[in-house]
Amino acid sequence: MSTPTPAALLAVADRRARNLITSDDPATLRQWEAFDDTLYRLLHALVGPGRQTTPREDSISRDILTTFRSYPTPIRPARGETYSLHEAARLQGLPVNRVAARVRRGQIDTHTLRTGRRAWIIDADQLDTRTDVTPANADDPHPLARLSASLGALADLYTPANDDTRAPDIRPVDDHDTAATMRHVLSIASVAARHTLTHLPIADATRPLQIAQYADHALDTLKPAQSSQPAGPIRDQPWRKRSFGQPPVAHAPSPTHSDALDDWLDHALDDWASAAREALRHQVPSTGVLRNILTTGVHILAATDACLNELSTRPATINSAVEIGQPDLEQLAKVRLEVKATALVLQHAADAWQHVTTAMTPGHPYVAASRDLFAALTDTQTALAPRPLSDLTRKAQSIVLTLAHAAPALSARLTTIDALASQLLQSELLFIRARLVPPREEILHERLTGRLVVARERDVPTLLHATHQGRQQTTNLTRLLEALAATLTTTPSDDRQLAARGWTL
Amino acid sequence: MVDHLRAAAAAADINTGGHLFSPWAALASQIRLTADSIDPTCPAPPSGSTPGPRPETAAVESSLRCAAEALEEAPPTPDALHWIWQVHQLRRLTAQLAGQPSAPG
């Protein structure tokens with residue numbers, strides 16, 4: 001039987017990942033950890049053990065190595081690898097001095113370099129604390145296990161057996177091919193991680209979330225040259241501490257548990273605002289992202305309106321008024337009017353962008369963050385749907401505070417989009433279908449062939465004004481929401497507290 | 001493939017019933033984001049002899065199903081896998097929305 005080629009194994013893995021997408025079979029922590037470990041082993045084999053960069057290497061080579069080194073602390077170190085003290089510390093996510101202390105206590109065996117330099121070299125097996133994590137069982141019919149098995153076979157193919165130096169190195173020769181293979185593998189990893197997230201208990205979901213976020217960032221970094229890429233490889237991108245310095249907190253919201261939903265919403269808003277900020281920093285941002293930011297603003301305001309509706313129609317009882325601030329109905333009505341007016345303006349701005357494009361695709365991190373926020377906001381609207389005999393006042397107040405807290409971030413994104421609108425027009429980076437603009441001689445051919453042409457301001461007469469209005473309206477609304485939040489968090493007066501307890505002065 | 005997604009977005013717009021705060025409006029936005037991930041060049045509405053999916057007759061789910069079937073034929077690439085995942089998620093979200101009472105405007 002002939003040995004399968006890497007391309008064939010990758011195609012098998014891709015097919016199994018597609019099966020995983022449509023599978024409802026719940027994944028276990030054991031199956032996930034086996035996948036996680038196999039993924040790292042494959043990336044290590046692909047990049048090459050002991051690979052270092054040199055100053056002369058091009059950006060794709062640096063991107064490959066930086067992507068690999070950015071892998072969240074692996075469950076198990078790469079087999080057969082050796083590590084310096086600093087590398088071992090980074091691998092284990094520990095301070096260097098702590099690892100050094102373990103070496104001095106004899107808990108970690110070391111050897112020195114053959115050159116005789118005093119430098120501790122640590123074998124991978126000395127750092128392996130999870131020998132319980134084993135490759136997926138080949139007989140396991142679960143789609144995730146089968147996917148792990150195919151990636152494991154690919155890793156075996158790239159790893160010469162028993163350091164047999166005579167065995168041909170079948171890893172990609174060209175770094176561009178290596179990057180393409182890594183992208184495919186990480187795309188599979190992103191899908192597997194997100195599938196696993198939906199099945200694992202919340203306590204075990206942090207790691208798959210880390211890997212999903214890592215894979216999304218890496219997919220963008222390793223994408224073939226596109227001018228919209230932000231400057232610098234992954235190391236220059238602000239990996240937020242929540243993801244890597246501190247593990248992200250996965251959330252499984254329950255509409256019946258206010259705190260969990262509110263926490264999830266807060267997290268989703270924060271992730272989305274950060275992803276939007278990064279997407280807008282691209283040299284040429286995607287107009288798909290710009291439009292989605294505007295329409296997500298509408299969705300945020302829809303959830304806000306649901307909260308305000310609840311606060312307006314279910315006045316708090318005396319007892320609950322003791323514990324929470326009580327805005328007057330006039331203030332609530334005013335804010336609600338502004339929320340609706342702002343949403344309308346944002347929708348008009350989004351409509352103004354619908355026919356133009358920079359021909360850049362949205363990045364994976366933004367798409368993922370936008371999807372997560374959509375789910376959180378939709379669940380919020382569902383949780384606040386009026387129900388008989390159900391007092392949602394406390395939940396509505398908590399959520400409106402969360403949304404009000406996010407308003408400045410939304411306003412900041414719109415300020416950026418407002419500036420980008422004129423910059424993109426003036427730089428001739430906005431395009432429009434020739435058939436959608438008034439006919440003129442110089443674009444006659446493009447009109448006949450249905451091609452894109454550079455958009456002029458006269459071709460999109462509402463774009464700049466609608467975007468600017470969106471910015472202004474959101475800035476005004478942010479002030480109102482902040483004032484409302486201040487009212488909601490004001491401690492009631494002493495008289496009201498006494499009255500609630502049946503006392504009078 | 002992208003035509004099916006844009007038809008699904010248009011159908012979702014129709015499902016809003018003109019209510020700005022309808023969750024279907026937000027879903028339409030998500031569908032368009034996925035469509036832009038595949039083809040960001042804003043194809044013009046179809047005209048002439050090759051009519052595309054008609055938004056006024058295609059339900060959101062059926063259009064998304066057509067998009068998923070078209071993507072299944074795509075060769076194995078990192079981007080195709082991601083699009084398949086996104087469309088699968090959109091179908092799941094559509095099913096959830098379809099099962100809810102109509103959202104107030």
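Nothing here was measured: the structure is a model prediction, and the numbers come from that model.
When heavy atoms are compared at a cutoff of 4.5 Å, R15(A) approaches chain B solely by way of its side chain, counted from C-beta outward. Interface remark: L344(A) contributes backbone and side-chain atoms alike to the contact with chain B (heavy atom separation under 4.5 Å). Looking at T358(A), neither its backbone nor its side chain comes within 4.5 Å of chain B, counting heavy atoms on both sides. With a 4.5 angstrom heavy-atom cutoff, S190(A) touches chain B only via side-chain atoms. Heavy atoms closer than 4.5 Å to chain B are found nowhere in L186(A), neither backbone nor side chain.
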Taking only distance into account, with no hydrogens and no angle test, what donor-acceptor pairs under 3.5 Å do side-chain atoms of residues 81-92 of chain B form with protein atoms, sequence neighbours excluded?
| from | atom 1 | to | atom 2 | distance (Å) |
| --- | --- | --- | --- | --- |
| Q86(B) | OE1 | T34(B) | OG1 | 2.9 |
| H88(B) | NE2 | I21(A) | O | 3.0 |
| Q89(B) | OE1 | R92(B) | NE | 3.3 |
| Q89(B) | OE1 | R92(B) | NH2 | 2.6 |
| R91(B) | NE | E61(B) | OE2 | 3.4 |
| R91(B) | NH2 | E61(B) | OE2 | 3.0 |

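Heavy-atom pairs under 4.5 Å with chain B peak, among S370(A), A368(A), G450(A), at S370(A). Between chain A and the options T77(B), L71(B), L93(B), I38(B), the largest number of non-hydrogen pairs under 4.5 Å is found for T77(B).
Screening Q347(A), Q354(A), H348(A) for a side chain to side chain donor-acceptor pair (under 3.5 Å) involving D351(A) leaves a single residue, Q347(A). Here the rule is side chain to side chain donor-acceptor pair (under 3.5 Å) with H364(A), and of D216(A), T221(A), D220(A) only D220(A) fits it.
Salt bridge absent: D36(B) and R32(B) never bring a charged side-chain N and a carboxylate O closer than 4.0 Å.
Remark: T296(A) pairs with N292(A) by the side chain to side chain donor-acceptor pair (under 3.5 Å) rule, at least two apart or across chains.
Between R447(A) and V453(A), every side-chain heavy-atom pair lies at or beyond the 4.5 Å cut-off.
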